[in-house]
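Okay, structure first, notes after.
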2 protein chains.
Amino acid sequence: MHAAVLRYFDHVARHGSIRKAADALSVASSAVNRQILRLEDEMGVALFERGRSGVRPTAAGELLLRHVRETQNEYQRTRAEIASLGGTVSGDVRIISLESMLVRFLPQVVDEVSARHPKVTFTVLAVHPSEIGEALRSGDNDFGVLFVDARHRGVDVIAEFPTSVGALMRPDHPLAGRKSLTLTECVGHPVVMLQDRWLLDAIMAMEFSGSGARLSPRVVSNSIEFMRQVIRSGLGIGFFTPIGFIEEIRRGELVHVPLAEPGLAQSRIGILVPRYRRLSPPARLMINHISERLGAFADFLAAPPRRPKRRNRG
Amino acid sequence: MHAAVLRYFDHVARHGSIRKAADALSVASSAVNRQILRLEDEMGVALFERGRSGVRPTAAGELLLRHVRETQNEYQRTRAEIASLGGTVSGDVRIISLESMLVRFLPQVVDEVSARHPKVTFTVLAVHPSEIGEALRSGDNDFGVLFVDARHRGVDVIAEFPTSVGALMRPDHPLAGRKSLTLTECVGHPVVMLQDRWLLDAIMAMEFSGSGARLSPRVVSNSIEFMRQVIRSGLGIGFFTPIGFIEEIRRGELVHVPLAEPGLAQSRIGILVPRYRRLSPPARLMINHISERLGAFADFLAAPPRRPKRRNRG
DNA sequence: ACGGGCGATGCCGAAATGGCAGCACACCGT
DNA sequence: ACGGTGTGCTGCCATTTCGGCATCGCCCGT
């Protein structure tokens, strides 16, 4: 329905190069080039600055780009809305997520929703914390399952669940018997750390500003799965929300000791949506389901059992 | 930039007929028809119900229609934004207004803004009160200069000015010497009325519910200009804001006696914008100017002088 | 100096678009 | 009963637009 030039323009801006964009679009670069030139002629201003290594949007280009992307997003949402008129929800849901949610919790939710609504497709991306704001505000994603942080602007929290960041370790670790820990108490014990530490940076700076002591990470990685194996093999303590390690904790393979620092003990995971954005039917569906499942985990999120318990299953 | 089918689709929905739309678009009806058919094929659902006297959007058509119109509006706004990058503001401002503002106040403001910003064009429409909500929310208009009314939903008031609805009459009218009036006191005197009475209906129902007395309009019209002449010739009392009769009141040709009814004495004129709508540069410009000029009239709006005064002009 | 990247352009075939005339159907007034 | 008029729809054809290929001129790194 929408003119091809919208897609062309978007791709050119993304790739910073007409030829790259044409390649990604599987059309001749000359075709893309001419569409851009025609568009600039129509607008009466240059939309790109031609550099030696490609193109870069001008101020006018940025403005038009925002309109083009908003149009494409709204079109997808409208298509999903129309397709869902028949009763069966369909369309794509785009979610950005904490990696810890992504490796254990979300796959299950996606599986359940997917089974009941086979025409819904899912795009679930782990995002670097520094990109959360942009990822949400760009409109490319429907919502995020993230730590609630007052620093986020232009974002609405439509559901939130308390959780606690804690020290994750083997049951035979010296600190495994504690009911809570401060970061200072972890000094001296080897720790493993995510490369993007998110909350920890600020807290650690505060905690150790006087003593000069520091946690010395023995292992640093950006992969939660790698950390999981490292912690299970006893290489050190990791700092995580329990949500990504539900099974290990339940089976008693790992122990989660909440941190006493207020900013960490009272962490909240929330569903965040760009403000003023209309949600597509599949996005609403998915949000409902996630809220429901997170609600069922509420006790576990806030204070996971220290010893595995048998639970009745329905 | 945008595909022609957007305009076709919009026109067909507006005219309720493919041939009428094609006529308005100055293209062959077959072309429009094929575009609509192709669009329905692309969407996979019927967008119009074919009746014997034309077409009517289906539920899916309504959804797509909203997207199409929003896209067109946003495109215009974006173009205005880009055109204004060069320093000179340009683009179209679409304003809906009380008729009383439209006949005296707004022409002057438009004249001033137009003189300073020759590339700005203006669309100023008087709207029937019953259509205000729809006219604002449709996104077809940038803002409204209207009575502030809590009944409006999805509308933000970004500036407001107190005014008072009052009885407008010749200086030689028996009631012209009063400092304020109730509607009941007007019973027995001939009155003239706008056909769309807006605020008056509710107030009158309340005022006269006990007594059974009624104002008997001698003249009813939907034209303020007609009312102006009728009142000046002494045919009766009219009920208006002073804003449309500034000159007559200043020259002493008419007298404005505020009504004592709280709902009318405390009326407010405001600049109303659809919530969450981004304003185009010319719209922002126009709003600033209107606010400034209305602010200068603030004393006059709330309590116009009973006798003409000489004022210093800058 | 040269090769490889970039955007822009001329040429040509393919695809899309629009105009014209005509079809089938339903309504309305005579 | 019957044209007249309105509707949406459909072949047929001219025109316009679009895309692919090859090429040019440019700049940069090697």
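Keep in mind it's a predicted model, so treat the numbers as computed, not measured. Below, chain A is the first sequence line, B the second, and so on; all start at residue 1.
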For B:F48 and D:dT7, what is the distance between atoms CZ and P respectively, to the nearest whole Å? 14 Å
Atom pair distance, as rounded to whole Å: CD in B:E42 and P in C:dA16: 12 Å
Would you say the side-chain atoms of A:D156 pair up with the backbone N or O of A:I158, donor to acceptor, closer than 3.5 Å? no
Starting from P on C:dC25, measure out to CZ on B:R50 and report it in whole angstrom. 17 Å
Between CD1 of A:I36 and C1' of C:dC6 the distance, given in whole Å, is 15 Å
Within the structure provided, determine whether B:L285 and B:V113 are in side-chain contact (heavy-atom separation under 4.5 Å). yes
Any B:Y8 side-chain N or O less than 4.0 Å from OP1/OP2 of C:dG18: yes
Specify the separation, in whole Å, of atom CG of B:L39 and atom P of C:dT17. 11 Å
Side-chain donor/acceptor of B:R94 to backbone N/O of B:D140, under 3.5 Å: yes
For A:E74, the option from A:R278, A:R79, A:R69 that meets side chain to side chain donor-acceptor pair (under 3.5 Å): A:R278
Is the shortest heavy-atom distance from the side chain of A:M286 to the side chain of A:V110 under 4.5 Å? yes
Note down the inter-axis angle between the two ends of the helix from C:dA1-D:dT30 to C:dT30-D:dA1, five pairs each, to the nearest 10°. 20°
Scan B:L37 against the nucleic acid and name what it touches under 4.0 Å (heavy atoms): base, sugar-phosphate only, or nothing. sugar-phosphate
note: A:D41, atom CG; D:dC18, atom P; distance rounded to Å ~ 13 Å
Value in whole Å for how far the P atom of C:dA24 lies from CZ of B:R52: 15 Å
Taking B:H2's backbone N and O only, do any of them form a donor-acceptor pair with B:R7's side chain (distance below 3.5 Å, no angle check)? no
Would you call the rings of B:Y75 and A:H67 parallel, tilted or perpendicular, where under 30° means parallel and over 60° means perpendicular? tilted
Is A:R277 reaching over with its side chain to a backbone N or O of A:F143, donor-acceptor style, under 3.5 angstrom? no
Less than 6.0 Å separating the ring centroids of B:H117 and B:H289? no
Considering just the side-chain nitrogens and oxygens of A:Q35, establish if one lies under 4.0 Å of OP1 or OP2 belonging to D:dG19. yes
Tell me: CE of A:M1 to C1' of C:dA16, nearest whole Å? 18 Å
DNA chain C contacts made by residues 9-34 of chain A, counting heavy atoms under 4.0 Å: A:S17, A:I18, A:R19, A:K20, A:S30, A:N33, A:R34
